[in-house]
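Order of appearance sets the numbers: ligands from 1, and atoms from 1 within every ligand. Quick note: residue numbers are just sequence positions, from 1. Heavy atoms only: backbone and side chains are in, while hydrogens, waters and symmetry mates are out.
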Amino acid sequence: MFNIILFGPPGSGKGTQSEKLIQAYGLKHLSTGDLLRSEIARQTPLGLEAKSIMDRGQLVPDEVVVGMISSALDNHPQARGFLFDGFPRTVAQSEALDKLLRLKNTEIGVVLALEVGEEELVNRLLNRGLTSGRSDDTNESVIRARITEYRNKTSVVAEHYDKSGKVVKVPGEGTVDEIFRSLCSEIDRRLS
Ligand code: ADP
C-alpha cells in the first residue's frame with residue numbers, strides 16, 4: 001500500500017491534482033472537504049453542525065473529521081493506497097491518522113506540499129466561487145479566515161511529517177500539467 005498526503009493551503013490545487021493522481025496511481029481519494037459537503041447535501045446532523053463552521057472559514061472539530069476518515073478507511077479494505085486531500089489539518093488529526101494507518105499495518109509514504117503565494121490563493125478561490133456553488137468561496141473575508149486557519153493550525157502538520165523526512169515541497173504555480181508532472185516524479189522516485 002502506498003499512501004499520500006496532498007498538503008497545501010486552500011486554493012493550492014489539491015482537488016485538481018488529486019483527481020489526476022488517483023487515476024494515474026489507482027488510489028482511493030479521501031477528501032474531508034468533499035465528505036463534509038456530502039453530509040451537508042444529505043442534511044445529516046453532522047452536516048448541519050459542520051455547515052455553520054465551514055461558512056465561517058473555521059476548522060470543524062478533529063473528532064468529526066477523524067471519525068469520517070476512520071469509517072472511510074474501513075469501507076475500503078481492498079484499496080491499493082489512499083490519497084488524503086485536506087486531511088490531516090491539525091497535529092491532533094495527523095497523530096490520529098498515523099494511529100489508524102498503523103492498525104492497518106501501513107503508513108504515510110510521502111507528503112506532497114503544494115506551495116502557492118497568498119494573493120494567488122485568494123484570486124483562485126474567488127474565481128472558483130463564481131462557478132463552484134461553494135458559499136465559502138464567494139466571500140473574501142471567509143477566504144482570508146481559511147488561510148489564517150491554515151497558517152495557525154495546519155502548516156505545523158508539515159513539521160510533524162518532516163521529522164520522518166516525508167515532506168516534499170512542490171511549486172504549485174504553473175500549468176496543471178506541469179504541477180502534475182512534478183508530483184508524479186516525486187511519487188515515482190519513492191515507488192521505485
Ligand atoms: P479548501 O482546502 O479549498 O479550503 P476543503 O474542501 O478542503 O477546501 O475544506 C472546506 C472546509 O471544510 C474547510 O474550510 C473546513 O471548514 C472544513 N474541513 C475540511 N477538511 C477539514 C479537516 N481535516 N479538519 C477540519 N475541518 C475541515
Nearest protein heavy-atom contact for atom 14 (O) of ligand 1: which residue, which atom, what distance?
Arg146 CG, 3.8 Å
Lys/Arg N to Asp/Glu carboxylate O, Arg190 vs Glu186, below 4.0 Å
yes
Which residue holds the protein heavy atom closest to atom 24 (N) of ligand 1, what is that atom called, and what is the gap in Å?
Gln93 NE2, 2.9 Å
Do Ile187 and Leu112 come within less than 4.5 Å of each other through their side chains, counting heavy atoms only?
yes
Taking heavy atoms and a distance under 4.0 Å, where does Leu36 meet ligand 1: side chain, backbone, both or neither?
side chain
Considering only protein heavy atoms, which is closest to atom 15 (C) of ligand 1, and at what distance to one decimal place?
Gln58 O, 3.4 Å
Give a yes or no on whether the backbone of Gly8 and the side-chain of Lys14 come within a donor-acceptor separation of less than 3.5 Å.
yes
Separation between CZ (Arg144) and CZ (Arg151), nearest 0.5 Å, reads 9.0 Å
Assess whether a salt bridge exists between Asp136 and Arg128, defined as any Lys/Arg side-chain N lying under 4.0 Å from an Asp/Glu carboxylate O.
no
Please check if the side chain of Ser192 supplies one atom and the backbone of Asp188 the other of a donor-acceptor pair under 3.5 Å.
yes
May I ask you to identify the nearest protein heavy atom to atom 9 (O) of ligand 1, giving residue, atom name and distance to one decimal place in Å?
Arg89 NH2, 3.6 Å
Does ligand 1 have an atom under 4.0 Å from some heavy atom of Ile53?
no
To which protein heavy atom is atom 26 (N) of ligand 1 closest, and what is the distance rounded to 0.1 Å?
Val60 N, 3.1 Å
Checking heavy atoms under 4.0 Å, the part of Arg56 that sits near ligand 1 is neither
Given side chains that start at C-beta, do those of Leu36 and Val65 come closer than 4.5 Å, heavy atoms only?
yes
Exam field: side chain Glu149 to backbone Leu59, donor-acceptor pair closer than 3.5 Å:
yes
protein heavy-atom neighbour closest to atom 11 (C) of ligand 1 works out as Met54 CE, 3.7 Å
Just need the protein heavy atom nearest to atom 20 (N) of ligand 1, so name the residue and atom and give the distance.
Thr32 OG1, 2.7 Å
4.0 Å heavy-atom contact, Arg37 with ligand 1:
yes
So for Lys153, does at least one of its heavy atoms come nearer than 4.0 angstrom to any atom of ligand 1?
no
Looking at ligand 1, is there an atom of it that comes within less than 4.0 Å of some heavy atom belonging to Arg134?
yes
